[in-house]
K.L.:
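Before we start, here is the structure in question, set down as structure tokens.
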Amino acid sequence: MKTAYNLRSIAAQAISQVLDKGLSLSTVLPGLQKNISEKDRGLLQELCFGTLRVLPQLEWCLQQLMAKPLTGKQRTLHYLLMVGLYQLTHTRIPAHAVLAETVDGAVALKRPQLKGLINGVLRQFQRQQEELLQRMANNDSRYLHPSWLLNRLKKAYPDAWESIVDANNQRPPMWLRVNRMHNTRDDYLRLLNEAQIEAVPHPEYSDALRLITPCQVSLLPGFSEGWVTVQDASAQGSVDLLDPQDGEMILDLCCAPGGKTTHILEAAPKSHVLAVDVDEQRLKRVHENLQRLKLNAEVKQGDGREPQAWAGERIFDRILLDAPCSATGVIRRHPDIKWLRRDSDITELAGLQKEILEAVWPRLKSKGVMVYATCSVLPEENCLQIAEFLKSHPDATLVETGTREKPGRQNLPHADDGDGFYYAKLIKS
């Protein structure tokens with residue numbers, strides 16, 4: 001039975017919202033998936049994430065195949081062509097099905113007069129595919145990153161930038177966080193083995209397991225009972241460093257979607273956690289995560305630069321500041337970041353991070369611990385930010401993470417490890 005919707009046209013609309021309106025896929029997809037069958041949701045995600053992952057390749061191919069690009073009201077058809085090319089080059093969908101469904105997408109987008117164009121361009125690509133892909137292997141589009149970001153990575157990591165780019169272009173591994181209130185990591189590993197799900201423990205982060213092959217969460221033993229959470233290993237490392245203790249007053253700032261909030265409570269169930277985020281919408285996810293794991297935290301909407309508004313006079317034993325950042329360490333999970341970020345954003349974000357650090361440092365008790373974390377790989381947001389902070393705050397001491405000259409610890413994304421992530425652990429004297 002033919003479905004009443006055309007997935008390729010929906011993917012093209014989603015990509016248009018990202019590239020023309022600056023919205024993230026995680027904002028756009030939930031609305032578009034409402035009327036789509038469970039079975040088709042996975043394919044829609046694959047078409048959207050995949051197309052954005054290899055965008056420069058597809059753009060370059062279209063430049064070779066068309067005298068001029070589709071613009072204005074026909075721009076969504078340009079993205080439809082990209083979705084078609086992505087299927088032909090990166091999926092196992094039979095070519096005849098790709099052509100039929102993508103051409104039908106023009107009808108779904110109310111542009112039936114362009115069916116012939118869509119068909120012609122895709123057939124021309126099939127004829128020239130080998131030659132085009134060979135030519136593309138020698139130009140900069142092969143890196144699949146915007147030039148401003150490539151330049152920053154080359155400057156920051158002259159010897160490692162290519163491996164960072166390569167990791168960013170891969171599909172992300174699936175990491176689990178075992179809830180130590182229910183099972184030890186070894187016990188949960190045994191449960192996975194019994195369910196014939198292969199996994200390996202992280203060598204350093206105490207609750208983290210990587211699945212050899214990603215699977216549906218419904219197949220994970222005890223998922224609905226809260227025994228396990230899907231969370232990247234590097235994100236888990238920030239709570240290991242924080243080392244929360246029962247009885248403490250702990251602030252989780254910029255907390256959404258709540259992965260670290262719940263991890264703190266699993267590690268120290270008798271602590272009091274205040275979880276704060278500026279985004280009211282994303283706080284719904286925090287509540288959902290707390291509910292699934294049957295945990296309690298005080299959750300508030302608020303701006304990190306104005307602690308008076310949400311903390312009153314309170315001061316904290318520990319603060320986890322997961323600062324707003326460029327997210328350049330999690331590109332493999334969110335390929336749209338490459339096209340949503342601008343070079344100028346980095347200076348702005350570093351300014352915002354500095355303001356939040358300055359505002360919340362006075363809220364830390366004497367001998368209290370603060371972990372500053374970002375999911376960025378850029379020094380301006382990380383080691384340079386903390387080096388500056390240490391210079392201007394003699395009451396801050398760096399521990400367990402780097403040296404005063406090169407403060408903090410920078411994880412780079414790696415196929416068998418966590419995402420790109422930065423941590424600096426500070427103690428107040």
Side-chain angles (χ1 to χ4, degrees), residues 11-12 15-16 18-20 22 24-25 46-71 75 78-91 121-122 124-172 325-347 349 375-381 410 412-415 419-420:
I15 291 160
S16 163
V18 172
L19 299 178
D20 298 337
S24 69
L25 272 183
E46 165 67 23
L47 296 177
C48 294
F49 279 83
T51 299
L52 289 169
R53 191 174 285 125
V54 300
L55 191 73
Q57 275 185 3
L58 307 174
E59 197 68 82
W60 183 85
C61 284
L62 284 180
Q63 283 168 8
Q64 316 310 306
L65 296 164
M66 298 173 77
K68 54 179 196 220
L70 294 164
T71 54
R75 191 67 183 156
H78 182 81
Y79 304 132
L80 180 66
L81 275 168
M82 285 187 170
V83 171
L85 291 181
Y86 174 72
Q87 294 168 86
L88 290 173
T89 48
H90 289 84
T91 72
V121 172
L122 294 179
Q124 194 187 341
F125 174 75
Q126 284 182 293
R127 289 192 291 274
Q128 298 180 17
Q129 183 165 355
E130 222 165 290
E131 179 221 333
L132 283 172
L133 296 181
Q134 253 170 349
R135 277 168 57 204
M136 189 169 57
N138 300 314
N139 65 40
D140 267 4
S141 69
R142 72 186 187 275
Y143 293 120
L144 310 180
H145 280 57
S147 55
W148 72 264
L149 182 53
L150 278 177
N151 293 337
R152 280 186 180 266
L153 292 173
K154 286 174 184 176
K155 188 180 164 198
Y157 305 101
D159 300 324
W161 70 271
E162 282 187 277
S163 66
I164 297 169
V165 165
D166 188 48
N168 285 350
N169 294 336
Q170 305 303 317
R171 288 161 193 275
C325 72
S326 62
T328 42
V330 294
I331 282 172
R332 59 187 181 179
R333 292 186 192 284
H334 305 282
D336 48 351
I337 286 165
K338 294 186 286 190
W339 321 117
L340 293 170
R341 286 273 171 268
R342 299 283 172 269
D343 195 29
S344 56
D345 294 346
I346 309 308
T347 307
L349 285 162
C375 56
S376 167
V377 294
L378 301 178
E380 293 80 356
E381 303 178 86
Q410 180 71 66
L412 297 176
H414 188 277
D419 293 336

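These numbers come from the heavy atoms of this one structure, side chains and all, not from hydrogens, waters or symmetry mates.
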K.L.:
Within this structure, what is the CD-NE2 distance for the pair Glu46 and His90, rounded to the nearest 0.5 Å?
P.N.:
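If I round to the nearest 0.5 Å, the distance is 9.5 Å.
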K.L.:
Can you tell me if NZ on Lys154 sees more than 12 non-hydrogen neighbours from other groups inside 6.0 Å?
P.N.:
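Counting neighbours around NZ of Lys154, more than 12 heavy atoms of other residues, nucleotides or ligands fall under 6.0 Å, so yes.
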K.L.:
Are the side chains of Leu149 and Ile331 in touch, meaning some heavy atoms are under 4.5 Å apart?
P.N.:
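Yes, their side chains come closer than 4.5 Å.
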K.L.:
Report the distance from atom CG of Asp343 to atom CZ of Arg152, rounding to the nearest 0.5 Å.
P.N.:
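Atom-to-atom, Asp343:CG and Arg152:CZ are 4.5 Å apart.
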K.L.:
Between Ser16 and Ala12 (side chain of the first, backbone of the second, donor and acceptor by atom type, cut-off under 3.5 Å), is there such a pair?
P.N.:
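Looks like no, no N/O pair under 3.5 Å.
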K.L.:
Identify the heavy atoms of Val377 and Pro413 that sit nearest to each other, and give their distance.
P.N.:
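Distance-wise, the nearest heavy atoms are CG1-CD, 4.1 Å.
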K.L.:
Taking all non-hydrogen atoms of both residues into account, name the closest pair between Ala11 and Val83 and its distance.
P.N.:
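Closest pair (atom of Ala11, atom of Val83, distance): CB-CG2, 4.1 Å.
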K.L.:
Evaluate the side-chain proximity of Met82 to Cys61: yes if any heavy-atom separation is below 4.5 Å, no if none is.
P.N.:
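In short, these two side chains do not touch, never coming nearer than 4.5 Å.
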K.L.:
If we only count heavy atoms from C-beta on, is the Leu47 to Gln87 side-chain gap below 4.5 Å?
P.N.:
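When only atoms from C-beta onward are counted, Gln87 and Leu47 do touch, with a gap below 4.5 Å.
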K.L.:
Dump the intermediate steps for side-chain contact (heavy atoms from CB on, under 4.5 Å) on His78 and Glu59, then the final yes or no.
P.N.:
CA-CA 9 Å; His78 182 81; Glu59 197 68 82; 2.9 Å; yes
K.L.:
Looking at every non-hydrogen atom in both residues, tell me the closest pair between Arg53 and Pro172 and how far apart they are.
P.N.:
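Shortest heavy-atom contact: NH2-CD, 4.2 Å.
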K.L.:
Under a 3.5 Å distance rule, please check whether Asp166 uses its side chain to pair with a backbone N or O of Glu162 as donor and acceptor.
P.N.:
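Judged by distance alone, no pair lies under 3.5 Å.
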K.L.:
Using modelled atom types only, decide if a donor and an acceptor are shared between the side chain of Arg171 and the backbone of Arg332 within a distance under 3.5 Å.
P.N.:
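Such a contact is absent between Arg171 side chain and Arg332 backbone.
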K.L.:
Could you go through the side-chain contact (heavy atoms from CB on, under 4.5 Å) check for Leu132 and Leu65 one step at a time?
P.N.:
CA-CA 10 Å; Leu132 283 172; Leu65 296 164; 4.0 Å; yes
K.L.:
Looking at every non-hydrogen atom in both residues, tell me the closest pair between Asn169 and Tyr143 and how far apart they are.
P.N.:
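Result for this residue pair: ND2-O, 3.1 Å.
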K.L.:
If we ignore hydrogens and angles and just use 3.5 Å, is the side chain of Tyr157 paired with the main-chain N or O of Leu412 as donor and acceptor?
P.N.:
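No; zero donor-acceptor contacts below 3.5 Å.
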K.L.:
Roughly how far apart are Tyr79 OH and Cys48 SG, rounded to 0.5 Å?
P.N.:
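Those atoms lie 13.0 Å apart.
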K.L.:
In terms of side-chain heavy atoms, does Glu381 have a donor or acceptor partner in Ser326 at a distance below 3.5 Å?
P.N.:
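There is such a pair (donor and acceptor under 3.5 Å, judged by atom type) between the side chains of Glu381 and Ser326.
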K.L.:
Counting distance only, does the side-chain N/O of Asp336 pair as donor-acceptor with the main-chain N or O of Leu25 below 3.5 Å?
P.N.:
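Checking the backbone N and O of Leu25 against the side chain of Asp336, a donor-acceptor pair under 3.5 Å is found.
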K.L.:
Supply the atom-to-atom distance Thr328 OG1 to His334 NE2, rounded to the nearest 0.5 angstrom.
P.N.:
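It is 12.5 Å, given to the nearest 0.5 Å.
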K.L.:
Taking salt bridge (charged side-chain N to carboxylate O under 4.0 Å, His left out) as the test, write out the residues that go with Arg135, two or more places apart.
P.N.:
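Per chain and number, Arg135 pairs via salt bridge (charged side-chain N to carboxylate O under 4.0 Å, His left out) with Glu131.
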K.L.:
Are Leu349 and Leu378 side-chain neighbours, meaning at least one heavy-atom pair lies under 4.5 Å?
P.N.:
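Side chain of Leu349 against side chain of Leu378, heavy atoms only: no contact under 4.5 Å found.
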K.L.:
Using a 4.5 Å cut-off on heavy atoms from C-beta on, say whether the side chain of Leu19 contacts that of Arg75.
P.N.:
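Arg75 does not reach Leu19 side chain to side chain.
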K.L.:
For Asp345 and Leu340, work out which heavy atoms get closest and say how close.
P.N.:
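It is OD2-O, 4.2 Å.
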K.L.:
For Ser376, is there any backbone N or O sitting under 3.5 Å from a side-chain donor or acceptor partner on Gln410?
P.N.:
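Yes.
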K.L.:
Backbone N or O of Val18 within a donor-acceptor pair of the Trp339 side chain at under 3.5 Å?
P.N.:
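No, Trp339 side chain to Val18 backbone: no donor-acceptor pair under 3.5 Å.
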K.L.:
Among Leu144, Leu52, Leu55, whose side chain to side chain contact (heavy atoms under 4.5 Å, CB included) with Lys338 holds?
P.N.:
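The option that passes is Leu144.
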K.L.:
Can you measure from CG (Leu122) to CD (Gln129) and round to the nearest 0.5 angstrom?
P.N.:
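Reported to 0.5 Å precision, the distance equals 11.0 Å.
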K.L.:
How long is the straight-line distance from CG of Leu62 back to NZ of Lys68, given to the nearest 0.5 Å?
P.N.:
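Going from NZ on Lys68 over to CG on Leu62, the span is 15.0 Å.
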K.L.:
Of the non-hydrogen atoms in His145 and Asn168, which two are nearest, and what is the gap between them?
P.N.:
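Taking every non-hydrogen atom into account, NE2-ND2, 3.1 Å.
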K.L.:
Please examine the side chains of Val54 and Thr89, heavy atoms only from C-beta on, and report whether any two atoms are closer than 4.5 Å.
P.N.:
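No, too far: nothing below the 4.5 Å cut-off.
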